2 protein chains.
Amino acid sequence: MDALGDGTRRQILERLRRGPMAVGELAQGLPVSRPAVSQHLRVLKGAGLVAERRDGTRRLYRVDTDGLAEVREYFESFWADVLAAFEAAAEAEAEMEDE
Amino acid sequence: MDALGDGTRRQILERLRRGPMAVGELAQGLPVSRPAVSQHLRVLKGAGLVAERRDGTRRLYRVDTDGLAEVREYFESFWADVLAAFEAAAEAEAEMEDE
DNA sequence: CCAGTGCGTAAGTTGCCACTAACGGTAAGT
DNA sequence: ACTTACCGTTAGTGGCAACTTACGCACTGG
């Protein structure tokens, strides 16, 4: 979750959104050098958000479905709580007007 | 979205999860000073993730439902793309074994 | 009107992190 | 074996952002 803080890392995930990609291809089009991309990929991998697969000298990275699912579930439960609190507040305000 | 990068800000949102809270009450229990909390709240407000309501000398903060909904929608579309790419890759691999 | 409370803001400092440059390592082609 | 392509790692640096301290403002009660 902390890995989503950096803008470049979000750009990387955005480029991996539709399918796997190699590191060089990934760095091509990003405003940073290739080693920087490697470092970001290490962070993302440590966070369980991406996974790698070797293909000759290249390494193909893809978004890790399991890791993203965890973030998604946390987000959904958070959203549910916030929505419940919002509706409870609206109902409490409605009762105020009745008195 | 960039506002979710900091851990303290996520703690603040976590404390606002079940309902509104004042700034002092919010800072109480966090490992940082009250002005630091104010600065974080300003960032979160700029990102549209929280909203304030004055109550005497106090200011009650709550999670902004609309702002959070935007982040949620982006997340859902991202999740849909990743899942589609994953299933497409699995299907392509299944065809490989047929040949 | 005068404390006291509850916050926001400005200024200044420190620590961390994203970045580049240089190097080393592995796989494939000739 | 030599070369080339592709990538990870390390060391070192610069800039930014989160933090504290000090100050000023708005509101409330006496």
Side-chain angles (χ1 to χ4, degrees), chain A residues 1-64 67 71 85 89 93 96, chain B residues 1-64 67 71 85 89 93 96:
Chain A
M1 190 63 174
D2 218 16
L4 297 177
D6 183 65
T8 304
R9 272 194 295 265
R10 287 197 300 271
Q11 284 188 29
I12 290 178
L13 288 177
E14 190 67 31
R15 300 203 69 188
L16 295 177
R17 182 173 176 163
R18 318 251 176 202
M21 204 176 298
V23 178
E25 187 183 5
L26 208 48
Q28 172 94 358
L30 288 179
V32 296
S33 67
R34 185 193 51 73
V37 174
S38 278
Q39 293 170 2
H40 283 306
L41 286 172
R42 177 168 49 178
V43 174
L44 289 171
K45 186 179 178 183
L49 290 176
V50 300
E52 67 170 335
R53 183 183 78 227
R54 314 189 95 133
D55 174 41
T57 68
R58 306 195 312 169
R59 305 198 179 182
L60 298 179
Y61 281 86
R62 64 174 177 84
V63 178
D64 188 356
V71 181
E93 191 174 357
M96 290 291 289
Chain B
M1 190 63 174
D2 218 15
L4 298 177
D6 183 65
T8 304
R9 271 191 299 263
R10 287 198 299 272
Q11 285 188 28
I12 291 177
L13 289 177
E14 190 67 31
R15 300 204 69 187
L16 294 177
R17 183 171 175 164
R18 319 252 175 201
M21 205 176 298
V23 179
E25 187 183 7
L26 207 48
Q28 172 95 358
L30 287 179
V32 296
S33 67
R34 185 192 51 73
V37 174
S38 278
Q39 292 171 2
H40 282 305
L41 285 171
R42 176 168 49 177
V43 174
L44 288 171
K45 186 179 177 182
L49 291 175
V50 300
E52 66 169 336
R53 184 182 79 228
R54 315 189 91 131
D55 174 42
T57 67
R58 306 195 312 169
R59 305 199 179 182
L60 298 180
Y61 281 86
R62 63 172 176 87
V63 178
D64 188 356
V71 180
E93 192 175 355
M96 289 292 289

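Each chain gets a letter, A, B and so on, in the order the sequences are listed, and its residues count up from 1. The structure presented is a predicted model; accordingly, all values stated were derived computationally and were not measured.
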Between atom [atom1] in [X] and atom [atom2] in [N], what is the gap in whole Å?
{"X": "B:Glu52", "N": "D:dC27", "atom1": "CD", "atom2": "P", "result": "12 Å"}
{"X": "A:Asp55", "N": "D:dC6", "atom1": "CG", "atom2": "P", "result": "11 Å"}
{"X": "B:Tyr61", "N": "C:dG6", "atom1": "OH", "atom2": "C1'", "result": "11 Å"}
{"X": "B:Arg54", "N": "C:dG8", "atom1": "CZ", "atom2": "C1'", "result": "10 Å"}
{"X": "B:Gln28", "N": "C:dT5", "atom1": "CD", "atom2": "C1'", "result": "15 Å"}
{"X": "B:Gln39", "N": "D:dA17", "atom1": "CD", "atom2": "P", "result": "12 Å"}
{"X": "A:Leu41", "N": "C:dC19", "atom1": "CG", "atom2": "P", "result": "12 Å"}
{"X": "B:Arg58", "N": "D:dG29", "atom1": "CZ", "atom2": "C1'", "result": "16 Å"}

Can you see which heavy atom on [X] is nearest to which on [Y], and at what distance?
{"X": "A:Ala3", "Y": "A:Leu44", "value": "CB-CD2, 4.1 Å"}
{"X": "A:Leu41", "Y": "A:Val50", "value": "O-CG2, 3.9 Å"}
{"X": "B:Gln11", "Y": "B:Leu30", "value": "OE1-CD2, 3.1 Å"}

For [N], does either OP1 or OP2 sit under 4.0 Å from a side-chain N or O belonging to [X]?
{"X": "B:Arg42", "N": "C:dT9", "value": "yes"}
{"X": "A:Ser33", "N": "C:dT20", "value": "yes"}
{"X": "B:Thr8", "N": "D:dA18", "value": "no"}

When you get a sec, tell me which of [options] is the closest nucleotide to the side chain of [X]?
{"X": "B:Ala36", "options": "D:dT20, D:dT9, C:dC7", "result": "D:dT20"}
{"X": "A:Arg59", "options": "D:dG8, C:dA28, C:dC19", "result": "D:dG8"}
{"X": "B:Ala22", "options": "C:dT20, C:dC7, D:dT21", "result": "C:dC7"}
{"X": "A:Thr57", "options": "C:dA28, D:dC7, C:dA18", "result": "C:dA28"}

Next item on the list: Please figure out whether A:Pro35 or B:Gly24 has its closest DNA chain C nucleotide nearer the 5' end.
Entry: B:Gly24
Note to self: Using side-chain heavy atoms (C-beta onward) and a distance below 4.5 Å, is B:Val63 in contact with B:Arg17?
What the structure shows: no
Checklist line | Non-hydrogen side-chain atoms of B:Leu49 and B:Val71 separated by less than 4.5 Å | finding: yes
Notebook entry, point to check: What does B:Arg34 touch in the nucleic acid at a heavy-atom separation under 4.0 angstrom: a base, only the sugar-phosphate, or nothing?
Noted result: base
